[in-house]
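Have a look at the structure below before the remarks.
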Amino acid sequence: MSIFRLKDLGTKIAGMALGFSLIPLITLGVTMYSMFASTYHSKVRANIITLAENKRQGIDLFLREQVSQLRTMAYSNTVEDLSSPGKLDSILATMQLSSKTFIDLGLINEEGRHVSYAGPYNLAEANYKNEDWFHQVMVRKIYVSDVFEGFRGFPHMIIAVKIQDKGRVWILRATIDSDIFDSLVRWLQLGDKGDAYLVNRSGALQTRPRFGNKSEDIYSSFLGTPFSGAKVQEHESDRKKIFVGGIWLQEKDWLLVIEEDRQGELAPLFKTQAATWAVVGSGIAFIIIGTLMLTRMIVVQQERMEREQAQLNEELIQSSKMAALGKLAAGVAHEVNNPLAVIREKAGWMRDLLDEEDVKSSPNFQEFVDAVDKIEQHVERAGNVVHRMLGFARRMEPVCNDVYINDLLKQTATFLDNEVRFRNIALNWDLRKDLPAIQSDASQLQQVILNLINNAIDALDKKGNIFISTNFDSQADMVEVRIRDDGPGMDKEVQRRVFDPFFTTKKVGEGTGLGLSISYSIINKLGGSIRFESELGKGTEFIILLPVKHHD
Amino acid sequence: MTEKSNAQIASVRTGPAVLVVDDERDFMETLVKRLERRGFKVTGVGSGRDALAALGQNKYDVVILDVMMPGMDGLETLREIKLGWPRTQVILLSGHGGEEMGLRGMAYGAYSYLLKPVSLTKLVDTAYLAFEEGGVR
């Protein structure tokens with residue numbers, strides 16, 4: 001069969017198998033991964049939201065505490081006490097007992113001038129009349145400022161409380177330690193690269209973030225009107241991806257921004273991704289290797305089956321050809337035999353009549369005798385052909401005897417001794433000594449051997465070598481006979497028809513074309529096989545395999 | 001001439017009576033003529049039925065019977081002959097492929113079977129032997 005068809009089959013099988021196993025596998029991998037990824041993403045977002053809310057509560061609480069502490073101080077002390085620098089110092093000391101959040105404390109009159117000041121800075125002379133926060137606190141009573149540089153030229157924030165006493169207005173102002181506030185904001189259950197900071201409504205930083213300068217892009221989308229609850233979004237900059245959470249404080253119009261490193265947060269997801277790809281990848285590799293091996297096996301198997309099938313077909317064709325030709329030969333032989341018998345009898349009758357006196361006296365008597373002789377001679381010849389044809393057609397059970405192939409070969413070759421010598425042909429023997437005797441039909445085998453050696457001699461014509469060898473295949477329990485000549489060999493056309501009955505390369509009248517076909521059917525009947533190898537210019541070898549024990 | 005034919009007739013009269021059965025008419029007729037020439041009293045018929053009919057009319061010592069015949073074949077005819085005329089000897093003539101029939105014929109009581117083509121000498125010898133055997137029995 002055609003190799004292309006088999007290759008095609010292999011490709012089809014491989015394609016189908018790969019398709020049916022890889023598509024579900026990949027689909028499974030991708031689906032599992034994407035589901036896990038989305039679940040994990042929402043989990044991370046939820047974590048950030050929780051974190052932001054907790055943090056906001058903490059900061060709000062802190063601010064509320066500071067405001068209420070300041071307010072308590074403002075309302076529990078008289079303006080006189082607050083105005084006395086000594087008293088104010090002791091108040092600041094009291095406030096600093098619980099925490100060092102407050103750096104300084106100052107009482108400011110309605111003109112914006114410090115009435116008294118407690119703290120490390122020399123701000124007694126400062127006038128806050130034109131400061132923004134001064135106006136704000138006048139309106140709102142309590143004011144928490146944005147971070148600003150103020151008179152000291154250092155960023156800080158203040159809390160101010162308005163005090164009304166006896167128709168006059170005072171302001172108690174305290175500075176919050178921005179370091180403490182910064183660390184409060186930053187103090188979070190943050191990842192290695194996480195960050196947290198506050199920005200005001202216009203986007204200015206209110207606390208120092210852990211890492212460097214912040215681009216406003218990160219949180220710009222949260223700015224504007226404050227919203228309730230936390231929002232999370234992803235932000236990408238400088239090849240760094242982060243999650244950004246934003247939530248507005250309740251105590252002040254500040255936005256708490258929380259950054260989480262996407263890489264760090266999603267590390268388990270990336271691990272899962274890697275694991276998924278590893279599993280899917282090795283699965284694909286396994287499937288591909290398995291499919292290729294399987295396909296290869298199927299193709300090889302198929303190839304062998306087809307080869308065997310082809311061989312079987314060939315043998316079947318050959319044997320059915322033989323059977324058909326056998327029948328034909330038998331039919332023809334019988335049909336020819338009857339007229340031959342009649343001719344023979346008629347000739348016999350004529351010979352009988354030649355005894356008659358009147359015929360004897362005929363001047364043509366000798367001619368009659370010659371004619372009858374010739375008729376009988378040629379009837380005999382035709383009869384021989386018919387006889388051989390019938391021999392070919394006949395299906396007689398072979399006789400079964402112990403046959404010693406080596407002896408049989410030697411003995412048969414002696415028939416041809418003269419011919420071989422005359423033609424200057426060398427017979428080369430390579431007979432295996434311990435060849436077992438086989439159960440076979442010696443005379444039929446002899447016919448085959450004679451035929452093959454004869455053919456070899458004819459092929460060599462004048463001068464050449466014939467090699468005869470025997471061998472034993474103990475595994476198959478077969479004896480092998482090889483008869484090889486170094487003659488001209490056979491071309492493909494001859495090779496194809498070599499076992500066909502009536503096919504001959506010899507001159508008309510020299511060969512019947514039945515020799516090899518008879519040999520073929522004899523060997524077949526004896527349970528063996530005959531084949532040949534031939535190459536133009538190199539010679540021809542016939543190989544006969546015969547079973548040691550004949551079963552049939 | 002007349003003398004000769006008389007002698008011929010005489011010899012015919014004295015020889016064994018032979019019935020030749022063969023569907024190949026040319027063969028049968030020639031064989032009849034050649035056997036007659038060798039001193040047998042010969043009749044030729046072309047089928048098994050005709051053979052049985054001939055046996056019903058005359059007595060024959062030997063029947064030369066072709067095995068392969070259309071209609072009633074040699075073996076059937078042989079069986080009928082052996083049933084009706086057990087003392088009549090039958091020589092079977094068979095072509096190639098008919099050996100088995102010949103052997104079976106022997107089992108059915110044929111005297112001998114000969115393979116075609118058979119030489120006339122051999123046939124004549126066998127016929128004489130058969131005739132003698134029949135006579136002894």
Side-chain angles (χ1 to χ4, degrees), chain A residues 323-362 372-373 375-399 514 518 521, chain B residues 1-5 7-8 11-12 15 18 20-40 42 44 46-47 64-70 73-74 92-103 114-125 127:
Chain A
L325 276 151
K327 271 186 201 141
L328 182 71
V332 169
H334 279 293
E335 281 313 303
V336 173
N337 233 0
N338 283 340
L340 276 181
V342 176
I343 294 168
R344 192 191 170 91
E345 285 313 310
K346 289 291 176 196
W349 179 235
M350 278 163 76
R351 189 174 288 286
D352 287 352
L353 294 182
L354 286 176
D355 289 342
E356 298 283 333
E357 280 304 324
D358 51 346
V359 183
K360 269 186 180 161
S361 61
S362 158
V372 170
D373 279 350
I375 290 170
E376 285 186 333
Q377 192 184 324
H378 287 280
V379 165
E380 190 67 33
R381 186 178 148 192
N384 279 339
V385 171
V386 167
H387 193 80
R388 255 182 300 192
M389 276 168 71
L390 282 167
F392 163 69
R394 200 162 27 183
R395 289 219 158 253
M396 252 171 53
E397 273 305 299
V399 195
L514 285 172
I518 289 172
S521 64
Chain B
M1 196 63 173
T2 332
E3 223 174 68
K4 209 159 218 148
S5 47
Q8 210 176 315
S11 77
V12 166
V18 174
V20 176
V21 190
D22 198 313
D23 61 309
E24 188 74 48
R25 194 155 289 275
D26 284 339
F27 180 82
M28 182 265 283
E29 280 168 0
T30 317
L31 191 62
V32 167
K33 279 193 272 186
R34 295 189 77 192
L35 286 174
E36 275 177 346
R37 200 177 169 83
R38 281 160 180 79
F40 294 92
V42 194
S47 73
I64 296 172
L65 183 59
D66 185 26
V67 174
M68 306 270 260
M69 281 190 299
D73 74 10
L92 292 175
L93 273 187
S94 72
H96 273 284
E99 289 96 334
E100 212 182 308
M101 293 251 260
L103 286 170
L114 296 173
L115 273 180
K116 276 184 183 177
V118 63
S119 75
L120 193 67
T121 327
K122 171 94 175 157
L123 185 58
V124 168
D125 288 352

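Naming convention: chains lettered A, B, ... in sequence-line order (proteins, then strands); numbering from 1 in each chain.
Note that the CZ atom of Arg34(B) and the CH2 atom of Trp349(A) stand 8.5 Å from one another [nearest 0.5 Å].
Nearest heavy atoms, Glu345(A) versus Leu120(B): OE1-CD1, 4.4 Å. The heavy-atom pair separating Asp355(A) from Arg37(B) by the smallest distance is CB-NH2, 3.9 Å.
Each of Leu340(A), Asp352(A), Val342(A), Ile343(A) has some count of heavy-atom pairs under 4.5 Å with chain B, and the biggest count is that of Asp352(A).
Using a 4.5 Å heavy-atom cut-off against chain A, the contacting residues of residues 24-31 of chain B are Glu24(B), Asp26(B), Phe27(B), Thr30(B), Leu31(B).
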